[in-house]
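Protein chains get the first letters and strands the later ones, always in sequence-line order, with residue 1 at the start of each.
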Amino acid sequence: MSQKAQSVDRYDVPAVEAFWRERWDADNIYRAQRVTDKPKYYCLEQFPYPSGHLHMGHVRVYTLGDVIARYRRMQGYAVLHPMGWDAFGMPAENAAIKSGVPPKVSTLANIGYMKQQMRQMGLSFDWEREVTTCLPDYYRFTQELFLLFFERRLAYQREGAVNWCPSCETVLANEQVEDGLCWRCDSPVTKRDLTQWYFRITDYADRLLAGLDTVNWPQDIKVQQINWIGRSEGAVVQFDLVGLDESVTVFTTRPDTLYGATYLVLAPEHHLVERIIQNRPEAEAVRAFVQRERQVSDIERTAETTEKRGVFTGIYARHPLTEAQIPVWVANYVLVDYGTGAVMGVPAHDARDYLYAQKYALPIRTVVVPESGDSPQLPYVAPGILTDSGVFTGMRSEDAKGAIAAELQRKGHGEPRVTYRMRDWLISRQRYWGAPIPIIHCPTCGPVGVPKDQLPVLLPENVEFTGRGASPLTQVQEWVQVRCPQCQGPARRETDTMDTFVDSSWYYLRYTSGALANQPFDRADADYWMPVDEYVGGKEHAILHLLYSRFFAKVLHDAGWLTIDEPFQSLLSQGMVVYGGAKMSKSKGNTLSPETILAEWGTDATRLFMLFAAPPEKDFEWSQQGVEGSYRFLQRVFRLVARPRQEAEDVGAIQRLERMQARTIKKVTEDLGPRRAFNTAVSALMEYTNALYLDIESVPQALQTRLLETLTLLLAPLAPHLAEELWMRLGHADSVHEANWPTYDAAALIEDEVEIAIQINGKVRGRIMVGVDWDVQRIQELVLSHATLVPYLKGRTVKKVVVIPTRLVNVVVA
RNA sequence: GCCGGGAUGGCGGAAUCGGCAGACGCAGAGGACUUAAAAUCCUCCGAUCCGGAAGGAUUGUGCGGGUUCAAGUCCCGCUCCCGGCACCA
């Protein structure tokens with residue numbers, strides 16, 4: 001059909017691409033099926049938030065994933081390549097406040113539009129497994145998983161200072177605060193004291209670290225996670241307070257410097273502060289200080305330039321080893337939520353303590369000196385030899401750490417301790433458009449999970465979006481007022497919803513089972529498909545989504561729901577799409593719309609250029625001239641196949657093209673597979689095409705067909721529409737995407753003769769042809785007697801000859 | 001400050017295990033075809049110098065050293081760029 005419609009000189013891109021897309025949709029060829037005699041391959045791209053339009057970044061990710069999925073299908077894998085929607089979230093709710101359109105309505109409309117765009121891209125998704133996180137048939141299971149966490153005591157409520165975004169009117173997890181600003185809207189984040197739900201991700205800190213050794217991820221993403229988890233080994237030390245029945249526990253990574261502790265510092269928010277200053281003359285001053293510091297934003301509080309400020313409490317603590325009395329201060333440079341919220345001040349060996357001690361004239365005791373014995377310049381933070389440290393004097397820092405911790409433990413004043421920078425994951429959100437937390441608060445029973453048979457806790461739809469005050473859910477009395485599932489007494493429904501990162505922490509599991517009605521996923525399906533073999537996405541989720549998902553997989557593994565506990569075996573972290581030298585943004589006016597690009601160049605040329613212009617992990621600069629080049633290449637391939645061709649039987653040409661064919665199959669197979677080097681796969685196909693242009697009419701028709709079939713098959717994952725068209729023109733009735741990936745005969749790669757370089761002292765002075773099977777001796781003899789060498793060898797002695805077969809010969813002369 | 005990743009022609013990039021640097025494409029130049037242009041096909045294309053040309057010499061992968069017969073690649077010391085973290089005790 002499409003064949004008649006066009007000439008052999010010009011490939012009519014819009015018509016042919018549209019034709020094949022319709023055919024693929026109708027034939028449903030990308031449905032994933034568990035086929036037990038095939039190896040499985042799970043290719044996943046991060047699902048989008050349905051903002052309404054795809055952007056060029058999406059085009060890039062989904063192209064990369066689609067190439068991988070198509071390639072693996074042709075290689076004979078049972079491929080799972082699904083798509084869905086990360087559909088809860090604040091933009092839809094904010095839009096509702098402005099326009100009155102309910103979030104559900106706008107979100108589903110956006111999904112409809114974006115799905116059309118994805119179809120225009122010709123992506124090979126199995127749409128039968130589509131997930132939409134904002135629909136009850138998905139979020140009921142998000143709620144069920146919450147209850148699982150609740151039962152396993154991994155979901156808990158706690159009151160404390162939390163990050164509050166005044167613009168989003170909700171709390172944020174630590175991971176979602178960047179430089180003191182909200183990750184979504186860049187508003188400065190403030191602190192509030194609230195009772196909130198948390199997931200106990202810190203229980204998994206060590207396993208989240210250890211698991212990184214088992215996955216094939218880019219180094220920078222692993223390092224970001226390692227830093228975020230922030231494991232520190234050290235010790236806690238307990239200091240009794242003089243005249244009070246209290247003690248202060250500090251965490252330190254340097255127990256070896258304990259003898260240098262000359263004061264203690266509590267964070268302003270430390271729970272002991274108010275207790276110890278009771279009835280003291282200093283109380284007023286301390287309270288005023290704490291009040292002031294609590295006003296200061298996190299950005300300012302933690303900025304490096306912020307001056308260290310503090311106030312003496314009037315209290316003294318007893319040093320657990322020397323019994324010396326040291327003053328207890330409250331200061332802004334100690335964070336309440338790290339370690340124990342209190343530190344020992346060791347000015348001689350800590351830069352911060354040094355500054356502080358100088359400012360407030362606190363004593364400085366040097367207790368570690370360099371191994372050289374020189375007197376150190378303070379603050380001396382490197383390890384060394386202990387001095388002035390009682391029985392530990394003379395020990396090396398590394399040995400003293402353990403020895404002092406052991407001594408503290410013996411005395412009941414401390415012990416070794418590992419601390420993490422990562423905090424528990426705050427998942428409550430004071431917003432409407434999220435999965436309701438399935439908890440009922442009962443005055444007698446406390447927080448009670450909604451029984452599973454009552455899930456989902458549906459979002460009420462008759463709500464008003466005013467944008468003022470608390471979440472709309474708190475206004476729906478008939479929804480909030482419920483009976484306690486345990487005692488049947490009057491109770492109140494939890495009105496917070498879950499962080500949308502909870503939804504996306506398990507969606508990859510839902511795909512494995514399709515739309516199951518009675519459970520989130522089937523274990524056998526999940527065990528078959530998991531882990532994801534290749535996960536394609538942007539770097540912005542390096543510690544958010546990727547850390548949370550790993551945590552979920554580990555919890556589900558522990559609960560016996562899943563065999564694997566690392567969800568993403570390999571991660572392909574793709575770079576940004578830039579245009580005019582900068583990341584695209586509306587304010588810079590350098591945006592490109594996928595609709596326009598795809599309409600102008602077609603899907604295949606757009607894909608090919610994105611793949612060709614840069615390796616996937618690097619930023620990619622869009623260029624008009626560049627995409628023209630890819631477009632030209634596809635037209636060139638089309639003409640090569642579609643035009644009538646002469647034939648001949650030139651032995652040299654036959655051999656050249658056969659060899660080129662084998663080499664190209666090998667190269668493209670490696671590049672699309674383990675190397676993930678799509679750019680060089682494209683260039684290999686360009687070279688192959690160039691070679692065919694030169695010689696194809698010198699070989700017989702039957703060979704021509706085979707050579708062109710190979711080109712078509714290799715091109716199929718990259719330019720699926722053109723490949724399908726060419727495959728049909730080459731006389732095939734079935735889809736090229738269901739054809740087998742080509743193989744090559746290793747013997748065809750072997751050449752009889754190769755050209756090798758002749759070097760004199762490392763400089764190339766000539767080239768000769770040698771047989772590939774020649775031994776070193778024979779090559780050396782030929783080279784040394786070769787005419788081009790004569791002038792270089794005259795009057796010199798040959799000291800050494802290095803022969804690297806098939807590569808070069810290096811003659812070293814004096 | 002700490003951690004990670006980079007730096008290769010006019011440009012994007014290639015060189016996979018230490019073995020002929022610059023594949024492929026873009027831009028540019030020339031030729032063929034054409035009344036002409038576009039399109040297409042073919043050829044050339046790091047720099048400097050010698051040569052009419054064929055060809056040759058020197059130099060060249062951020063900078064300075066080193067290892068090696070041989071270094072874009074390995075080692076040591078820097079510079080700059082990008083990304084992440086940063087009062088985390």
Side-chain angles (χ1 to χ4, degrees), chain A residues 9-10 178-179 218-228 230-232 234 250-254 257 265 267 301-308 331-335 337-346 349-353 355-356 381 419-423 539 542-543 575 608-609 612-615 617-630 632-633 635-636 639 667 670-671 674-675 677 679-690 693-694 755-767 799-813:
Chain A
D9 279 337
R10 186 125 190 108
E178 296 168 352
D179 293 332
Q219 189 59 20
D220 61 328
I221 307 273
K222 285 191 184 184
V223 167
Q224 280 186 56
Q225 292 213 350
I226 291 166
N227 291 343
W228 183 260
R231 186 178 197 273
S232 297
V250 304
F251 172 73
T252 178
T253 54
R254 293 295 302 275
T257 64
V265 194
R301 176 87 170 267
T302 58
E304 203 170 4
T305 50
T306 301
E307 202 194 353
K308 295 183 186 359
N332 65 339
Y333 77 98
V334 176
L335 307 174
D337 53 0
Y338 180 77
T340 60
V343 302
M344 59 182 198
V346 186
H349 306 295
D350 181 281
R352 296 153 303 187
D353 296 343
L355 285 174
Y356 191 76
V381 298
T419 293
Y420 302 91
R421 208 190 80 109
M422 179 171 67
R423 323 277 201 259
K539 289 187 204 306
I543 42 181
L608 200 79
F609 177 51
F612 176 60
E617 63 280 0
K618 282 191 74 167
D619 286 353
F620 156 79
E621 166 103 38
W622 181 265
S623 114
Q624 180 79 9
Q625 284 169 337
V627 70
E628 275 174 37
S630 294
R632 271 201 296 267
F633 169 67
Q635 292 285 353
R636 187 167 150 87
R639 280 190 302 271
K667 173 73 176 157
E670 286 165 1
D671 281 358
R675 272 171 46 90
N679 54 332
T680 50
V682 174
S683 57
L685 288 170
M686 288 173 167
E687 286 177 75
Y688 181 51
T689 302
N690 292 342
Y693 259 86
L694 288 181
E755 188 185 59
I756 63 168
I758 303 172
Q759 296 180 337
I760 305 293
N761 288 343
K763 292 193 181 188
V764 179
R765 299 295 183 183
R767 288 164 221 280
K799 282 170 63 183
K800 188 174 180 181
V801 181
V802 182
V803 179
I804 309 294
T806 78
R807 297 259 181 204
L808 55 74
V809 175
N810 190 9
V811 183
V812 186
V813 296

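G18(B) and U73(B) are spaced 7 Å apart, taking the C1' atom of each and rounding to whole Å. With P as the reference atom, A7(B) and G12(B) are 12 Å apart, rounded to whole Å. Nucleotides C42(B) and A57(B) are separated by 32 Å at their P atoms, to the nearest Å. Straight-line distance between the P atoms of G77(B) and A86(B): roughly 28 Å, to the nearest whole Å.
Side-chain atoms of Asn690(A) and Arg636(A) form a donor-acceptor pair, as typed in the model, at a separation below 3.5 Å.
In a base pair of the Watson-Crick type (N1 to N3 plus N6-O4 or O6-N4) or a G-U wobble (N1-O2 and O6-N3), with each distance short of 3.5 Å, A7(B) is matched with U79(B).
Residue Ile543(A) contributes atom CD1, which lies 8 Å from atom P of A86(B) at whole-angstrom precision. Taking atom CG of residue Asn810(A) and atom P of nucleotide G18(B), one finds them 18 Å apart after rounding to whole Å. Rounded to whole Å, the distance from CD on Glu628(A) to C1' on G12(B) is 15 Å. One interatomic measurement links the two molecules: CD1 of Ile760(A) to P of U58(B), which rounds to 12 Å at whole-angstrom precision. To the nearest angstrom, C1' of G56(B) lies 13 Å from NZ of Lys763(A).
Between Asp337(A) and Asp619(A), the residue anchored closer to the 5' end of RNA chain B is Asp619(A), taking for each the nucleotide with the nearest heavy atom. Nucleotides of RNA chain B nearest to Ser623(A) and Gln759(A) differ in position, and the one nearer the 5' end is that of Gln759(A).
For G9(B), the O4'-C1' to base torsion is within 90° of 0; the nucleotide is therefore syn.
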